[in-house]
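Okay, so here's the structure we're looking at.
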Amino acid sequence: MEQLKEVWKPGNMLYPVPVVIVSCGRPGERPNIITVAWAGTVCSDPVMVSVSVRKDRYSYDMIKDTGEFVVNLVTKDLVFAADYCGVRSGRDVDKFQDMKLTPLSSSFIQAPGIQESPVNLECRVSQVLELGSHDMFLAEVVGVTVDKAYMDEKGKFHLNDTGLVAYSHGEYFLLGEKLGKFGYSVQKKGRRK
């Protein structure tokens, strides 16, 4: 029988993943932005996220020294800036200025968010795991800001209307067609959307 699969060496093939732009800064220095595709939810109580960053990245020391960063969600309108912030170093360029992004004052930490992002998660590092090529910053989400443009008259935030982007195997994708919602597989027929 013909083999239908090919065996590869171990690799990170867990795709798609969220692409986020992480903003950080040290007092008295220009803030920076780093694009991270290795980010995720860790815990819901307390609310925690993780971002993995290589030690040689310019933002690494800013995050390690201050223990703070902001995770900014990426939309279709921000994908060009996200790509730029992932391939240019803050040692050489001012990414906020180059991409015409607006630093957003945070409510609970000193690191700025990005005004143009629909969601900003203010994070305080609780632990750094040294893992090899990347260190993982585990952080508690201490504040969240959302863009009022996506709030309806009842106060519901419509995150899925913002044009979120995912990253898969070197490419960016706009999230699209809704296939279901949490728990739809066990709902009564007629209420599955």
For this session: Using the rule that two of Ile, Leu, Val, Met, Phe, Trp, Tyr join whenever any of their side-chain heavy atoms come within less than 4.5 Å, decide whether Leu101 and Tyr84 are in one cluster.
Result: yes

Problem set entry | Check against side chain to side chain contact (heavy atoms under 4.5 Å, CB included), Met99 and Phe80 | CA-CA 9 Å; Met99 292 293 99; Phe80 184 86; 3.9 Å; yes

Exercise. When you measure from the side chain of Gln110 to the backbone N and O of Pro27, does any donor-acceptor pair fall under 3.5 Å?
Worked result: no

For this session: Look at the side chain of Ser50 and the backbone N and O of Val42, then say whether any donor-acceptor pair between them is shorter than 3.5 Å.
Result: no

Problem set entry | Ser168 (side chain) donor-acceptor with Tyr15 (main chain) under 3.5 angstrom | no

Exercise. Judged by atom type as modelled, is there a donor-acceptor pair below 3.5 Å linking the side chain of Asn72 to the main-chain atoms of Ile21?
Worked result: yes

For this session: Step by step, work out the side chain to side chain contact (heavy atoms under 4.5 Å, CB included) result for Ile33 and Phe96.
Result: CA-CA 7 Å; Ile33 304 166; Phe96 274 98; 3.6 Å; yes

Exercise. Is there a donor-acceptor contact under 3.5 Å from the side chain of Thr35 to the main chain of Ala82?
Worked result: yes

Problem set entry | Pairwise distance CG(Asn160) to OG1(Thr162) - rounded to 0.5 angstrom | 7.0 Å

Seminar exercise, completed: Separation between CG (Leu121) and CD (Glu140), nearest 0.5 Å, reads 12.5 Å

Exercise. Can you tell me if CD on Glu29 sees more than 12 non-hydrogen neighbours from other groups inside 6.0 Å?
Worked result: yes

Problem set entry | Ring geometry between Tyr150 and Phe157 (parallel below 30°, tilted from 30 to 60°, perpendicular above 60°) | perpendicular

Exercise. Once you round to the nearest 0.5 Å, how far does CZ of Arg30 lie from CZ of Arg91?
Worked result: 11.5 Å

For this session: Measure the CD1-CZ distance between Ile63 and Arg26 for me, rounded to the nearest 0.5 Å.
Result: 10.5 Å

Exercise. What about Val49 and Val128, same hydrophobic cluster or not, with Ile/Leu/Val/Met/Phe/Trp/Tyr joined at side-chain heavy-atom distances under 4.5 Å?
Worked result: yes

For this session: Measure the CD1-OG distance between Ile109 and Ser23 for me, rounded to the nearest 0.5 Å.
Result: 7.5 Å

Exercise. Can we say Arg88 and Asp98 salt-bridge, meaning some charged N sits less than 4.0 Å from an Asp/Glu carboxylate O?
Worked result: no

For this session: Of all the heavy-atom pairs spanning Ala39 and Val20, show the shortest one and how long it is.
Result: CB-CG2, 3.9 Å

For this session: Report the C-alpha separation of Lys55 and Lys64 in whole Å, then their side-chain angles, then the decisive distance to 0.1 Å, and conclude whether the side chain to side chain contact (heavy atoms under 4.5 Å, CB included) test is met.
Result: CA-CA 10 Å; Lys55 287 183 181 183; Lys64 188 141 189 192; over 6 Å; no

Exercise. Would you find a donor on one side and an acceptor on the other, under 3.5 Å apart, between the side chain of Asn120 and the backbone of Ile114?
Worked result: yes

Problem set entry | Path from Val93 to Leu78 over hydrophobic side-chain contacts below 4.5 Å | yes

Exercise. Side chain of Lys76, backbone of Gly163: donor and acceptor closer than 3.5 Å?
Worked result: no

Exercise. Should Val125 and Val47 be regarded as members of a common hydrophobic cluster, given that ILVMFWY residues are connected when their side-chain heavy atoms come within less than 4.5 Å of each other, either directly or indirectly?
Worked result: yes

Exercise. Any link between Val70 and Leu159 through a network of hydrophobic side chains (Ile, Leu, Val, Met, Phe, Trp, Tyr) touching at under 4.5 Å?
Worked result: no

Exercise. Would Tyr60 and Phe137 satisfy ring-ring contact (aromatic ring centres under 6.0 Å, His included), going step by step from the backbone distance to the final call?
Worked result: CA-CA 10 Å; Tyr60 177 91; Phe137 293 93; 5.5 Å; yes

Exercise. So Val74 and Tyr172, side chain to side chain contact (heavy atoms under 4.5 Å, CB included) or not? Walk me through it.
Worked result: CA-CA 10 Å; Val74 174; Tyr172 304 99; over 6 Å; no

Problem set entry | Greater than 12 external heavy atoms within 6.0 Å of Leu14's CG | no

Exercise. Does Ser106 use its side chain to pair, donor to acceptor, with the backbone of Ala111 at less than 3.5 Å?
Worked result: yes

For this session: Output every pair passing salt bridge (Lys or Arg N to Asp or Glu O under 4.0 Å) with a member in residues 101-119, not counting sequence neighbours, ordered by first then second residue.
Result: none

Problem set entry | Exam field: side chain Ser117 to backbone Leu73, donor-acceptor pair closer than 3.5 Å | yes

Problem set entry | Straight-line distance of Ser105 OG to Gln115 CD, nearest 0.5 Å | 9.5 Å

